[in-house]
There are 2 protein chains.
Amino acid sequence: MPDAKPKKSSRIQQRNRYRILDAALDVFSAHGYRGATLDQIAEAAGLSKPNILYYFSGKEEIHVTLLSQLMETWLDPLVDMDASGDPVTEILAYVQRKLDMARELPRESRLFANEILQGAPRMRPHLTADLKPLFDEKCVVIQEWSDTGKIAPIDAQHLIFSIWATTQHYADFAAQIDLLIGPNVEAADAHLQALFSSILRK
Amino acid sequence: MPDAKPKKSSRIQQRNRYRILDAALDVFSAHGYRGATLDQIAEAAGLSKPNILYYFSGKEEIHVTLLSQLMETWLDPLVDMDASGDPVTEILAYVQRKLDMARELPRESRLFANEILQGAPRMRPHLTADLKPLFDEKCVVIQEWSDTGKIAPIDAQHLIFSIWATTQHYADFAAQIDLLIGPNVEAADAHLQALFSSILRK
DNA sequence: TCGTGGCTTTACCAATTGGTCAAAAAGTGA
DNA sequence: TCACTTTTTGACCAATTGGTAAAGCCACGA
């Protein structure tokens, strides 16, 4: 039995890897990949730089690890959209889940935005493997709802883009929004529900 | 007459400054501020690095110059929204102008997105001085349209955010969109017109 | 108590990067 | 053509940055 040693990583390993990834999420999401330095991550994590390189082989591995983890959580709300549920309810619930996620995980949203902005150099494989199939699948579902008259006629692909754009905007452009209307963004919920509700109803 | 010497910059100065800014727009919008290097900009501009520093005092000045120039063009479509025009027409025309701009100036859109994503460290003064007053002014206009029943009841601030988010999304997330549906995004026009049309009509 | 293996640190390195400087080259007007 | 200014360049520098090496530390089982 080669590769024997299923020995789980020790408690200290788990703790430190978690600390590093949490610190790295702060730094990467705030400054982008190139803008982040191992020293910043090390300081934020409360560890020395060589110590960080004991747990990860390099800066890139930390980044890739974060992106992989992110992809799972990121797709959850879309996965949950149920083809057998009530169309309008399902779509509006999806909008709400995405908005909640942007609010609860703004760092993840910005990490993702940074990566895509730069052309997704490190994430393209994940996108092709995970996001694309799911996107296509849900587009079919929505298009079917549209074709069978259960919602108003609509372009499913661009509808999803609009949902992504409007919800993630509150995390990615928070600096601008905060400057323009301050931190009180509760009205966003009602607004987005109204926006997408209005185009879905026949 | 102090500061005498209004001597316009020579033709060669204008040409080289333009080349540098154009190259820098490529590089900054693709890699972000920290990710861009003077060497990359120099090569893209076809000039040597010291030569670039003959025209600009440093990396930051190039970036700031780009952001200043950007701000003007960026606000134009919103400036053009006419308080005395037909409300629905005006708003839908604004959506279209923003979408056209995202398509024609994707580099500028990404430069802006990068800057805001990082918390607008170099742009906050411009935003406060130029964007905020214009935003507030147009919000009043839209809110008035809403209050007087010329369009459906709506939150003007979040409506503008949704317009920004959906239109700029096609430039900023182009890598993702291209991967999901390819480069054919003509359907975006009709979709966005329908989306915002539906929420504006009573 | 000792040794062993996992964890941490100190000291260091090579490459990259923003930027300088003085001298060469190229214009330019008289 | 010549003096003078503007533009360009090659050589160089200090700071930063990702990463390495090796020695030290520490917990724990025998």
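Chain identifiers are assigned alphabetically (A, B, ...) following the order of the sequence lines, protein sequences preceding nucleic acid strands; residue numbering begins at 1 within each chain.
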Strictly distance-based, threshold 3.5 Å: is any side-chain N or O of A:Gln143 a donor or acceptor partner for the main-chain N or O of A:Ala156? yes
Go through the structure and list residues passing side chain to side chain donor-acceptor pair (under 3.5 Å) with B:Arg103, not counting sequence neighbours. B:Asp189
For C:dG6, does either OP1 or OP2 sit under 4.0 Å from a side-chain N or O belonging to A:Gln13? no
Applying ring-ring contact (aromatic ring centres under 6.0 Å, His included) to B:Tyr33 and not counting sequence neighbours gives B:Phe28, B:His63
I'd like to know if the side chain of A:Ser146 and the backbone of A:Ile142 have a donor-acceptor N/O pair within less than 3.5 Å. no
Tell me, do B:Ile163 and B:Ile91 make a side-chain contact under 4.5 Å, heavy atoms counted? yes
Qualifying salt bridge (Lys or Arg N to Asp or Glu O under 4.0 Å) pairs, either residue in residues 49-73 of chain A, two or more places apart: A:Asp39-A:Lys49, A:Glu60-A:Arg122
Taking NZ, NE, NH1 and NH2 as the nitrogens, is one of them in A:Asp22 or A:Arg107 under 4.0 Å from a carboxylate oxygen of the other? yes
Interface residues of residues 61-68 of chain B with DNA chain C (non-hydrogen, below 4.0 angstrom): none
Residues passing the side chain to side chain contact (heavy atoms under 4.5 Å, CB included) test with B:Asp86, sequence neighbours excluded, are B:Val88, B:Thr89
Using nucleotides 10-14 of chain D, report all nitrogen or oxygen pairs with the protein that are shorter than 3.5 Å.
none

So which of residues 19-29 of chain B are in contact with DNA chain D, with a heavy-atom cut-off of under 4.0 Å? none
What's the separation between atom OG in A:Ser29 and atom CG in A:Asn114, rounded to the nearest 0.5 Å? 8.0 Å
Using atom types as modelled and distance alone, determine if a side-chain donor or acceptor of A:Gln193 lies under 3.5 Å from a backbone N or O of A:Leu92. yes
Can you pull the ring pair (Phe, Tyr, Trp, His ring centres under 6.0 Å) pairs that have at least one residue in residues 107-144 of chain B, sequence neighbours excluded? B:Trp74-B:Phe112, B:Phe135-B:Phe161, B:Phe135-B:Trp164
Within residues 34-41 of chain B, which residues have any heavy atom lying less than 4.0 Å from an atom of DNA chain C? B:Ala36, B:Thr37, B:Leu38
Who passes side chain to side chain contact (heavy atoms under 4.5 Å, CB included) against A:Pro87, sequence neighbours left out? A:Trp145, A:Lys150, A:Ile151
Under 4.0 Å from any atom of DNA chain C, heavy atoms only: list the residues of residues 51-59 of chain A that qualify, in numerical order. A:Asn51, A:Tyr54, A:Tyr55
Any donor-acceptor pair under 3.5 Å linking the side chain of B:His158 with the backbone of A:His191? no
Between B:Lys138 and B:Met81 (side chain of the first, backbone of the second, donor and acceptor by atom type, cut-off under 3.5 Å), is there such a pair? yes
Nucleotide-resolved protein contact map, nucleotides 22-30 of chain C, B/S/- at heavy-atom distance under 4.0 Å: ---------
Can you tell me if A:Gln176 uses its side chain to pair, donor with acceptor, with the backbone of A:Phe173 under 3.5 Å? no
Should A:Arg201 and A:Ser197 be marked as a side-chain hydrogen bond (donor to acceptor under 3.5 Å, both in side chains) after you check the CA-CA gap, both sets of side-chain angles, and the distance that decides it? CA-CA 6 Å; A:Arg201 303 190 195 281; A:Ser197 173; 2.9 Å; yes
OG of A:Ser198 to CD1 of B:Ile199, rounded to nearest 0.5 Å, is 4.5 Å
